[in-house]
Amino acid sequence: MFSAGYRSIARRCHASSTLLQSQAKRTMATTEMTVRDAINSAIDEEMERDEKVFILGEEVAQYQGAYKVTKGLFQKYGSKRVIDTPITEMGFTGMAIGAAYKDLRPIVEFMTWNFSMQAIDQIVNSAAKQYYMSAGDIACPIVFRGPNGNAAGTSAQHSQCFAAWYSSVPGLKVVAPYNSEDARGLTKAAIRDNNPVVILEHELMYGVSFPVSDEVLKSDFVIPIGKAKIEREGTDVTIVTFSKMVGLALEAAEVLSASGTSCEVINLRSIRPIDRDTIINSVKKTGRIVSIETGWPQCGIGSEIAAIMMESDAFNWLDAPMERITGADVPMPYATDLENAALPQVEDVVATVNRLTKRQLVA
Amino acid sequence: MFATKAASLLLRRSAASASSSMAAVRGAGSVGSGIAANNLRFLSSSSTNSTATFDLTGSFETYNLETSPNNTIDMTKEELLSHFELMYTMRRMEITCDNEYKARAIRGFCHLYDGQEAVATGINAAFEPEDSWITSYRCHCTALARGGSVASVLGELFGNVDGQTKGKGGSMHFYNKAHNFYGGQGIVGAQVPVGLGLAFANHYNATPGKPMQVAIACYGDGAANQGQIWESANMASLWNLPMIFCIENNHYGMGTSMDRHSSHSDYYKMGNHIPGLRIDGMNVLAVKEGMRFVKEFVGGGNGPMYVEMMTYRYHGHSMSDPGTTYRNREEIALTRSTRDPLEFVKRTLIDAGFADAEQIKEIEKNIRKDVAAQVMKAKASPKPSIEPHLFEYVFTSNGGKEQNEFPPHIRMPDFQKSKYY
Ligand SMILES: Cc1ncc(C[n+]2csc(CCOP(=O)(O)OP(=O)(O)O)c2C)c(N)n1
Ligand SMILES: [Mg+2]
């Protein structure tokens, strides 16, 4: 580990150059778009672009999607390419994977990711490993998508995050959009990718509007899978998170800035592959890091990031041990107060960051 | 899609002596797809005029069965009244849930059972308390039948500490082991293999030569296609387990009508070689007699049975579904006016001479008052506090009188707030 003195001098030299870069990247926002419409338009455009793309799942066609994400697609593309399935996840997931072996490009919608548990064997064993097992003979260009994570008042079986589960599997790519830009770019990237891609959307974000630039609205707008985005630049603490929790991190960063703490917020966007460089570089700058997720702590995304801190030279730049903010280590309860207590809140982030900035490792 | 005939109740009284009247009742109407119009003949009543015999002709269709349910059922005035009271309480409770949900006192998913009341009531009437029951998320009324109360159901939906699961489960998760009720399960189809496990345990614990307690797993027409149900059926049949596969066919799985999710719609025949019975699920008398027969059959070691209840849900799938985009209002209105399970019991009560319209109104008034009072009581219950309620029941203890076993450490979002035990 570098000495505290060395860490702070080296940091000051980096600071000015990164600031300039970020200003250049900023683009003008012109339109508002909901996350739902972002996903919907991305699927629509990709279906238009490539005949081989089709979508299947429960209620995706005539009912327009349980959460209306597939609205209008059935009317536009008909029952050949927008397919209502029975409530038989293992069957239709396996079927879609087989179709992908033969170069069709299915999008499997899980009404929620909770129900993908019925089909997880197919995702892990038939999709993720196929290219490797066949020594490159058979690829599996398929997208699995749907709402993941906590919902409001739906309790233990319908409110949980599967990011850690799926991101542990080699052969799968796993992305988690936060806002409309992410949703459009990552959905398109996933559909164009020749590998199985899991998209972890968030039900509570579907109806939220975000400004999107003209760039984002272009039909060829894709976000590279594997690249994180710095949502907010800062110098004191790095907050790494994904999906809905990006919003929480930004909110907490605002609160903390009022008391003089500058937070850098990293939106992972992609959980596998995970963007190690962006995280490590940020930590070299700030010297402190916090992760936020709604999933359970044990073997979570935060645990993985903590391990990256240990296994990389980021370790030499830490001024304090990393901290995680996670869902409580219990199944999700129904009652509002209990549910809130089981999920990360702004005050948890503020308390953690304040604690962290007071700690100082000397070496 | 429904070949429904208007139910007409014709009561013909014979010129019998004052102590014994003979009458015939035409009732119930058809149950829709498959079951012919049901001529419910009220055959006789006892000297005290408190027991009646009802004709159930047309209420059943059998498959792979040499025997069948009786075409009559005897019922006392008290029995029929108690079925009516339970069903009316269910109806009021579900309507209350609808209102309370709209008033935002209930959150999350909320699946209502109105329209299907005769199914749970009839099963309950035919079962012994030792028979096991598991169902889907559409479980408020089964919870009520199996030891719950309006207050314990609504209290749960309000997320209050006196709710049936102390605010942990909400609408989809009711349980009562003392009453052999195992939920309240949110994953479509998953309750069926678990239900088979209940049957397995009953078989395992049975006294040789004696009838076994049975287990029933209720699931929807949509769920009926789930692969794990086929797996369960095979094992149930292979090992002769006292298992009832009970499809509550309300004709829709969410917004998908059964002709769009099932390649064939005779659900009672879905077990291939496994015997099946289709029952008019809007007629509580038929459900009770049908389930008496089924319980006897599977409890007698003859292996499992598939049962299809022809029924209908009035509400949308859950509260976010208006329930009118994929089926037309006429269908709902026609079902309500011609096949309503509550109207049917009421007419049966009147036609059998068990109660008159005035008495029924009085009973309904009392039930409405009772439901309202229980809802008030449920509302008055406090919210669960974080300590200890968030942390309880992750583990149970291995013996000892303290049921709970706390893990050494329960991590909280902010780890400094974590619990150490
Ligand atoms: C495995 C699984 N997939 C999907 C869902 C979402 N879902 C809940 S209920 C339902 C429809 C079930 O219809 P049916 O079995 O006919 O029962 P009903 O609701 O009519 O009682 C669906 C798709 C779920 N809970 N579990
Ligand atoms: Mg159904």
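Chain letters run A, B, ... following the sequence lines, proteins first, then strands; residues in each count from 1.
Side-chain contact between B/Pro384 and A/Asp337 is absent, with no heavy-atom pair separated by less than 4.5 Å. Here the side chains of B/Met172 and A/Gln157 are not in contact, with every heavy-atom distance at 4.5 Å or above. The closest side-chain heavy-atom distance from A/Tyr63 to B/Thr325 is below 4.5 Å. Between A/Asp329 and B/His409, the closest side-chain pair of non-hydrogen atoms is not below 4.5 Å. Looking at A/Met90 and B/Gln228, their side chains never come closer than 4.5 Å, going by heavy atoms from C-beta outward.
With a threshold of 4.5 angstrom between heavy atoms, A/Ala151 does not approach chain B through any atom at all. Residue contact with chain B, scored on non-hydrogen atoms closer than 4.5 Å, involves the side chain of A/Tyr67 exclusively. For a residue to count as touching a neighbouring chain, one of its non-hydrogen atoms must lie under 4.5 Å from one of that chain's; by this rule A/Arg355 touches chain B with the side chain only. Interface remark: A/Glu293 contributes no atoms to any contact with chain B (heavy atom separation under 4.5 Å). Looking at A/Met332, only its backbone comes within 4.5 Å of chain B, counting heavy atoms on both sides. Of the two parts of B/Gln185, the backbone and the side chain both hold a non-hydrogen atom closer than 4.5 Å to a non-hydrogen atom of chain A. Interface remark: B/Asn160 contributes no atoms to any contact with chain A (heavy atom separation under 4.5 Å). The part of B/His173 that comes within reach of chain A is its side chain, from C-beta onward, which places non-hydrogen atoms under 4.5 angstrom from that chain. Using a 4.5 Å cut-off between heavy atoms, B/Ser385 touches chain A through its backbone atoms (N, CA, C, O) alone. In this structure, chain A has no heavy atom under 4.5 Å from any part of B/Lys419. When heavy atoms are compared at a cutoff of 4.5 Å, A/Gln298 does not approach chain B at all. Residue contact with chain B, scored on non-hydrogen atoms closer than 4.5 Å, involves the backbone of A/Leu343 exclusively.
With hydrogens and angles ignored, the 3.5 Å screen pairs a side-chain donor or acceptor of A/Tyr334 with a backbone N or O of B/Leu157. A donor-acceptor pair under 3.5 Å links the side-chain atoms of B/Gln226 to the main chain of A/Ile87, judged by distance alone. The closest donor-acceptor contact from the side chain of A/Thr154 to the backbone of B/Phe109 lies at 3.5 Å or more, if one exists at all.
For the atom pair A/Asp348 CG and B/Lys417 NZ, the distance stands at 4.5 Å (nearest 0.5 Å). With values rounded to the nearest 0.5 angstrom, A/Thr352 atom OG1 is found 8.0 Å from B/Phe415 atom CZ. Between the CG atom of B/Leu390 and the CG atom of A/Leu338 there is a distance of 5.5 Å, given to the nearest 0.5 Å.
Side chains of A/Gln62 and B/Thr256: a donor-acceptor N/O pair is absent below 3.5 angstrom, by distance only.
The candidate from B/Arg260, B/Met254, B/Glu156 with the greatest count of non-hydrogen atom pairs under 4.5 Å with chain A is B/Arg260. Contact tally against chain A (heavy-atom pairs below 4.5 Å) for B/Pro413, B/Ala224, B/Cys110: the top residue is B/Pro413. By number of non-hydrogen pairs under 4.5 angstrom with chain A, the leading residue of B/Gly253, B/Ser262, B/Gly255 is B/Gly255. By number of non-hydrogen pairs under 4.5 angstrom with chain B, the leading residue of A/Glu58, A/Glu339, A/Glu347 is A/Glu339. Chain A forms the most heavy-atom pairs under 4.5 Å with one residue out of B/Gly163, B/Ser320, B/Gly189, B/Gly169, and that residue is B/Gly169.
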